[in-house]
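Notes to accompany the following structure.
Ligands are counted one by one from 1 in listed order, and the atoms in each one are counted from 1 as well.
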Amino acid sequence: MIVVTSVNGRVGIEAAVEILRAGGTALDAVEAATRLVEDNPDDHTVGYGGYPNLLGQVELDASIMDGRTLQAGAVGALQGFRNPISVARRVMTDLPHVLLVGEGAARFAREIGLQEENLLTPTAEEVYRQGLSNQLPTDKQDWLQDGIQSNLARLTNLAADPEHAAGTVNFIAQDRDGNIACAVSTSGWAWKYPGRLGDSPIIGAGNYADNRYGACGCTGWGELAIRCGTARSVVLYQRLGWGLETACYQAMHDLVVAAPDPANAMMSLIAINREGRPVGMTTVPDKTYVWMTPDLQEPVEEPRLHVELQKVAERGKE
Ligand code: GLY
């Protein structure tokens with residue numbers, strides 16, 4: 001039994017391990033842990049308090065996958081509900097679908113009785129206004145007032161602010177029956193174009209779990225993971241017989257072709273193999289991830305293996 005998470009999942013990992021200790025399922029563990037991160041107003045990359053899109057609306061994406069059955073549920077661009085992971089789980093269990101987006105996802109959340117609320121906290125709103133203003137040249141500041149509606153596409157390029165892009169939480173758990181589940185949740189790229197989905201709600205891109213081989217969750221520039229099918233690649237490479245680290249390195253190396261500037265491509269992943277052994281990997285130096293087993297009193301924070309995509313790109317040209 002094990003729970004593995006990105007470092008911002010620390011607030012939820014002990015609750016997840018407690019569920020496993022008590023004989024609960026991997027699905028229950030990853031959902032409960034993700035909810036705690038979504039409820040945390042100090043995490044501006046996930047759930048309540050997440051940074052908004054260009055119009056100042058908090059739009060949330062999440063997915064959950066059951067490695068026993070390959071069932072999955074996901075929501076994208078969901079407004080007004082702080083726990084998209086629970087909506088995603090109900091999509092998986094209650095509907096013949098995998099992914100609901102926008103108003104359809106909100107309608108479903110209302111229908112299952114979830115409480116609607118404003119997710120934009122005063123802190124996130126202040127950073128949003130300041131962030132946009134800082135990105136704009138002085139002669140374009142009026143775009144933030146009357147002009148914003150007709151300048152969204154141009155603002156999206158200006159607002160590609162790496163400080164606020166691409167935070168996400170990942171949880172992978174394996175329970176006492178050997179079942180694996182993976183949950184991913186995010187408010188996505190801050191100041192994104194309204195309706196933009198990243199990799200988090202896309203099964204195979206930011207989330208994949210299969211009891212027979214392992215699981216993977218991604219954080220980073222979702223567009224890259226979508227184009228390369230990163231989470232599924234990690235699992236598929238293990239299916240081909242490769243070891244966990246080799247599978248993760250290969251999935252990271254695959255990003256080189258899609259990354260316009262490999263030196264600055266941001267991608268991190270956590271993964272386990274079918275025996276429940278964890279690894280964390282990243283293109284950004286000095287990043288960590290966290291894991292915990294039921295026999296431990298507290299979580300272990302470990303360095304992620306570092307992949308220098310620029311060097312991989314240079315080697316490819318030799
Ligand atoms: N990885 C989160 C996102 O790109 O939205």
Side-chain angles (χ1 to χ4, degrees), residues 5-9 30 34 37-38 43-55 57-65 72 74-79 84-85 87-88 99 101-102 105 119 124 128 131 156-157 159-172 182-208 215-234 248 251-252 254-255 258-261 264-271 280-284 287 289 304 307 309:
T5 183
S6 47
V7 81
N8 56 341
V30 295
T34 303
V37 185
E38 291 171 340
D43 190 326
H44 298 298
T45 66
V46 180
Y48 179 74
Y51 288 136
N53 67 19
L54 272 176
L55 292 174
Q57 303 155 330
V58 180
E59 284 185 326
L60 304 179
D61 303 338
S63 64
I64 191 163
M65 186 157 185
V75 289
L78 173 66
Q79 292 186 29
I85 197 64
V87 188
L99 174 59
V101 299
L119 303 180
Y128 156 72
T156 309
N157 292 328
D161 171 0
E163 282 280 301
H164 297 106
T168 302
V169 69
N170 306 145
F171 279 100
I172 299 172
C182 182
V184 180
S185 184
T186 187
S187 50
W189 191 332
W191 342 141
K192 62 194 170 187
Y193 198 96
R196 176 264 185 190
L197 302 184
D199 57 326
S200 305
I202 308 296
I203 298 300
N207 182 341
Y208 206 79
C216 176
C218 300
T219 65
W221 285 349
E223 281 73 3
L224 279 181
I226 292 172
R227 288 160 66 201
C228 296
T230 302
R232 167 79 169 135
S233 295
V234 167
C248 293
M252 289 294 228
D254 292 349
L255 301 171
D261 175 10
N264 292 311
M266 263 201 298
M267 182 57 57
S268 301
L269 59 81
I270 56 166
M281 201 168 271
T282 183
T283 60
V284 184
K287 289 266 191 185
Y289 75 109
R304 292 178 187 251
V307 179
L309 274 193

Donor-acceptor pair, side chain of N8 and main chain of V37, under 3.5 angstrom: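 Pair absent, no side-chain N/O of N8 close to backbone of V37.
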Under 3.5 Å, side chain of T186 to main-chain N/O of G167, donor-acceptor pair present?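 Here the side-chain-to-backbone pair exists.
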Can you sort out which atoms of ligand 1 are near [X], meaning under 4.0 Å from one of its heavy atoms?
X	value
G220	1 (N), 2 (C), 3 (C), 4 (O)
T168	1 (N), 2 (C)
G188	5 (O)
G198	5 (O)

Quick one: which of K192, E59, R196 has a heavy atom closest to atom 4 (O) of ligand 1?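 Among K192, E59, R196, the closest heavy atom to atom 4 (O) of ligand 1 comes from R196.
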Where the closest heavy atom to atom 1 (N) of ligand 1 is concerned, which of D61, L224, D199, I202 has it?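 It is D199 whose heavy atom sits nearest to atom 1 (N) of ligand 1.
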Just to be sure I read this right, does ligand 1 sit under 4.0 Å from the backbone of M266, its side chain, both, or neither, counting only heavy atoms?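 Answer for M266: neither.
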With a 4.0 Å heavy-atom cut-off (strictly under), which part of S200 contacts ligand 1: side chain, backbone, both or neither?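 For S200, only side-chain atoms sit under 4.0 Å from ligand 1.
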Decide, yes or no, whether a salt bridge links K192 with E223 under the criterion of side-chain N to carboxylate O below 4.0 Å.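 E223 and K192: not salt-bridged.
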From the options S200, S185, P84, select the one residue that forms a side chain to side chain contact (heavy atoms under 4.5 Å, CB included) with L60.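 Among the candidates, only P84 passes.
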Heavy-atom pair with the smallest gap, counting every atom of D61 and G198: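 Taking D61 first and G198 second, the nearest heavy atoms are OD2-N, 3.4 Å.
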Taking all atoms of both residues into account, what is the closest heavy-atom pair of V184 and G206, and its distance?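 Closest pair (atom of V184, atom of G206, distance): CG2-O, 3.4 Å.
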